[in-house]
Amino acid sequence: MLRTAILLTACLGAVACTTTPLDTSRVDSRATPAGIVAAMPGEQGARVRWGGRIVAITNQEQSTLIEMLSYPLARDGLPNTLRKPTGRFVLRRDGFLEPLDHAPGRLLTVVGTVRSLTRVAVGETELVVPLVSAEQLKLWDDRYQRRTRPRFGFGVGINVGF
């Protein structure tokens, strides 16, 4: 009975940890927000997979704009905030996105198409950044945000085996 309960718990835990992967086919994996700005208008229409920290979110009448600070991505698409940022970009998603879920500081990965350049204010500076029409979004929960921090630990314990 105990063995069955442990097995069932392990299976449910494995299922709960699975996520739907982003479709990365036809994605230009070398493109960065800064590189796109330098190459525009030639890069308009490029399909990209970018991610980073949410800086700001603005809901409009028909869509939502999210300003992002981009970081290099790990294989699974998780932004690596221990590395140097690769620029800023703005993503546009049709419909309403909840600002409390997509709060500044959260990690987000997007697959979408570069549509144009837009301007954002950073303090008293105005930057020109790519505007990405978002096809897919992956909002990373807190356990993944902790994964991007250095992992140091020290512990003392007692192990008893049967």
Side-chain angles (χ1 to χ4, degrees), residues 12-151:
L12 288 174
V15 169
C17 291
T18 61
T19 60
T20 304
L22 296 173
D23 175 16
T24 58
S25 61
R26 302 180 331 269
V27 167
D28 183 353
S29 59
R30 294 169 291 148
T32 64
I36 292 286
V37 170
M40 282 298 265
E43 294 296 316
Q44 191 169 353
R47 190 163 188 264
V48 296
R49 179 178 75 155
W50 290 340
R53 287 208 184 275
I54 296 174
V55 174
I57 180 169
T58 305
N59 278 298
Q60 300 177 320
E61 190 172 324
Q62 300 292 323
S63 63
T64 301
L65 297 176
I66 299 179
E67 182 182 339
M68 301 286 301
L69 177 59
S70 178
Y71 288 91
L73 302 179
R75 221 177 225 169
D76 61 359
L78 177 67
N80 185 347
T81 58
L82 298 177
R83 302 210 24 221
K84 182 180 176 184
T86 58
R88 287 185 182 235
F89 68 97
V90 173
L91 69 88
R92 181 185 175 279
R93 176 74 177 220
D94 290 338
F96 175 85
L97 292 175
E98 176 56 56
L100 290 177
D101 290 336
H102 298 79
R106 294 283 307 266
L107 296 177
L108 179 72
T109 301
V110 60
V111 172
T113 305
V114 176
R115 293 295 177 204
S116 62
L117 297 178
T118 189
R119 296 179 185 278
V120 296
V122 180
E124 294 187 20
T125 302
E126 189 172 85
L127 300 176
V128 175
V129 300
L131 176 66
V132 175
S133 179
E135 299 165 18
Q136 300 173 353
L137 298 177
K138 167 68 175 148
L139 185 62
W140 299 91
D141 63 28
D142 290 339
R143 68 181 162 183
Y144 292 103
Q145 297 199 83
R146 285 190 297 273
R147 196 173 99 185
T148 63
R149 297 186 186 127
R151 291 177 241 162

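Residues T109 and L78 form no side-chain contact, since every pair of their non-hydrogen atoms from C-beta on lies 4.5 Å or further apart. V55 has its side chain out of reach of V120: every pair of non-hydrogen atoms, C-beta onward, lies at least 4.5 Å apart. Between L127 and V37, every side-chain heavy-atom pair lies at or beyond the 4.5 Å cut-off. In this structure, D94 and R92 have side chains that are in contact, with non-hydrogen atoms separated by less than 4.5 Å. Looking only at side-chain heavy atoms (C-beta outward), M68 and V132 stay at 4.5 Å or farther from each other. Within the 4.5 Å cutoff, the side chain of L139 has heavy atoms near those of the I54 side chain.
Nearest heavy-atom pair, I57 versus I66, reported as atom, atom and distance to 0.1 Å: CG1-CG1, 3.9 Å. Looking at every heavy atom in both residues, L73 comes nearest to R49 through CD1-O, 3.4 Å. The two atoms that bring R119 and V128 nearest to each other are NH1-CG2, 3.3 Å, heavy atoms only. Scanning both residues, V48 and A31, for their nearest heavy atoms gives CG1-CB, 4.0 Å. Closest approach of P72 and K84 over heavy atoms only: CD-O, 3.4 Å. L108 and P79 get closest at one heavy-atom pair: O-CG, 3.9 Å.
The CG atom of D141 sits 11.5 Å away from the CG atom of D101 when rounded to the nearest 0.5 Å. Between the CD atom in E67 and the OG1 atom in T58 there is a gap of 8.5 Å [rounded to 0.5 Å]. Distance check: L69 CG to T81 OG1 gives 10.0 Å after rounding to the nearest 0.5 Å.
Side chain of R53 to main chain of P104: no donor-acceptor pair is present (N/O by atom type, distance under 3.5 Å, no hydrogens or angles). Between the side chain of R83 and the main chain of Y71, no donor-acceptor pair closer than 3.5 Å is present. Within the 3.5 Å criterion, the main-chain N or O of W50 finds no donor-acceptor partner in the side chain of S70. When atom types are taken as modelled, the side chain of T118 and the backbone of V129 share no donor-acceptor pair closer than 3.5 angstrom.
Environment of CD in Q62: sparse, with no more than 12 heavy atoms of neighbouring residues, nucleotides or ligands closer than 6.0 Å.
Applying the side-chain hydrogen bond (donor to acceptor under 3.5 Å, both in side chains) test between T113 and each of R26, E135, Q44, R47 identifies E135 as the sole match.
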